[in-house]
There are 2 protein chains.
Amino acid sequence: MNPEAVLDAALDLLDGGALTMRALATRVGLTPGALYTYFPDRTAIVAALVERLLAEADLGLLENGEGTASARITAFSLNLRETLMRHPAAVPAILGAAFNGPVALRVGESLLGLLPDPRASYAVIAYVLGSIALEAAETSAPLTPEPERIAQRRAAFQVDPETFPRTHAAADAIAGYISTDQFRWGLDHLLTALLADTADRL
Amino acid sequence: MNPEAVLDAALDLLDGGALTMRALATRVGLTPGALYTYFPDRTAIVAALVERLLAEADLGLLENGEGTASARITAFSLNLRETLMRHPAAVPAILGAAFNGPVALRVGESLLGLLPDPRASYAVIAYVLGSIALEAAETSAPLTPEPERIAQRRAAFQVDPETFPRTHAAADAIAGYISTDQFRWGLDHLLTALLADTADRL
DNA sequence: ACCTGAACACCGTTCAAGT
DNA sequence: ACCTGAACACCGTTCAAGT
């Protein structure tokens, strides 16, 4: 047995929504107590899992990608979203880690080089992680393809037209909220503002 | 005994980081089983708590506030942040609720009236909740005043200048990341982009 | 309707003892 | 070092029985 194999099983269980030390031990063919040979406690396992997932994102898109700063940040953000949304159950843990592990440091370092103001880096991170968190919260079921999810949400979305007229009228757009297009549209606007020379000293 | 009193105690325990049915029962002078007279299960208690906290935010700032759309959204966002950060431990639950309870619907309805595109509403929500989530994740301890928190973070923040030169150089700014100024700066930029006529059909 | 007491089926973690 | 078996101190939830 080795730590990596434990993490493999732990990710599986987390995706299934039932990561317990006992289930994990059974999965890897050990007794619960034996897990403490590899990790000091359950939180350490979750932390290692978070770091492993973040490491799956393609940092190259940010660090040595082609194109403008905006294009590279967008490409990486989309890649990060895709990577993390393969494991929605892990997203709360990623937010909870406050984004200050080794991978997060590299992301921050790159963003500092691509944006004119340190505050812009943080704004991008807040938007990207906020979007992913909202999306993960909505994704209880594994994850059906995006068009299906939008259609289901549209069908389920019913509000009183009297009290929420605008919400009712915009129901189609709202059903599409959690989508790649929505994610990208907001990020485009944010980056436009952050990269505009005139806005630097707002 | 009544549901509201149960929620009062539940919020106290959640803030303390130990909301269990047993502790809650003890706190209100009941047996654990008796709690199920008031709420069907633990998740219902957390859900009710989330809704109560959201209801504490001043919706008037958004719905019948003064000034421009930008000013009203900013005022409400700052108020929401302040409200939620009084209970950092509840923030993950708020994100987990996918922001679709009754209060969230009212917020969404107002935003739709203040912004030119439904997608802009969602972008604002993603940024605001993302910022609050990152802030809450960092706030383990109750909450010391903001200047102290920044100073502590600055003192604790040490990275290798060789591998993370920009991060090292921007350490002061980074220590100030989680602050009202930072929150507002990013929101200002985002709103500027979302409200710019030329950006509407990007 | 509201509550108790007791149980059921779980948890994470520790630790002496073995190899 | 690695693992077992057993325990400790918890969980959320259910339910017969009482008022």
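Below, chains carry the letters A, B, ... as their sequence lines are ordered, and counting in each starts from 1.
Under the 3.5 Å distance criterion, the side-chain polar atoms of B/R153 are matched with a main-chain donor or acceptor of B/A175. A/R166 contributes no side-chain N or O that, together with a main-chain N or O of B/S110, makes up a donor-acceptor pair within less than 3.5 Å.
The distance between atom CG of A/L35 and atom C1' of C/dT13, rounded to the nearest whole Å, is 11 Å. For the pair A/Y36 OH and C/dC15 C1', the interatomic distance rounds to 13 Å; values are reported in whole Å. One atom, CG of B/D41, and another, C1' of D/dT13, lie 9 Å apart when rounded to the nearest Å. Rounded to whole Å, atom P of C/dC11 lies 12 Å from atom CG of A/L24. Atom CE in A/M21 sits about 18 Å away from atom P in D/dC11, given to the nearest Å. What separates CD1 of B/I45 from C1' of D/dT13 is a distance of 12 Å, to the nearest Å.
A close approach under 4.0 Å does not occur between any side-chain nitrogen or oxygen of A/Y38 and OP1 or OP2 of D/dA1. Between B/T37 and C/dA1 there is no side-chain polar atom (N or O) within less than 4.0 angstrom of OP1 or OP2.
Comparing D/dC3, C/dC3, D/dT13 by their nearest atom to the side chain of B/L30 picks out C/dC3. Distances from the side chain of B/T20 to the nucleotides C/dG12, D/dC3, D/dC11 place D/dC11 closest.
Mapping A/R22 and A/T31 onto DNA chain D by nearest heavy atom places A/T31 closer to the 5' end of the strand.
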Does A/L191 form a side chain to side chain contact (heavy atoms under 4.5 Å, CB included) with A/V124? I'd like the steps, not just the answer.
CA-CA 8 Å; A/L191 287 173; A/V124 168; 3.8 Å; yes
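Electrostatic pairing of A/R52 and A/D8 counts as a salt bridge here, judged by a charged N lying under 4.0 Å from a carboxylate O.
Nucleotide D/dT13 forms a pair with C/dA7, judged by Watson-Crick or G-U wobble geometry with both contacts under 3.5 Å.
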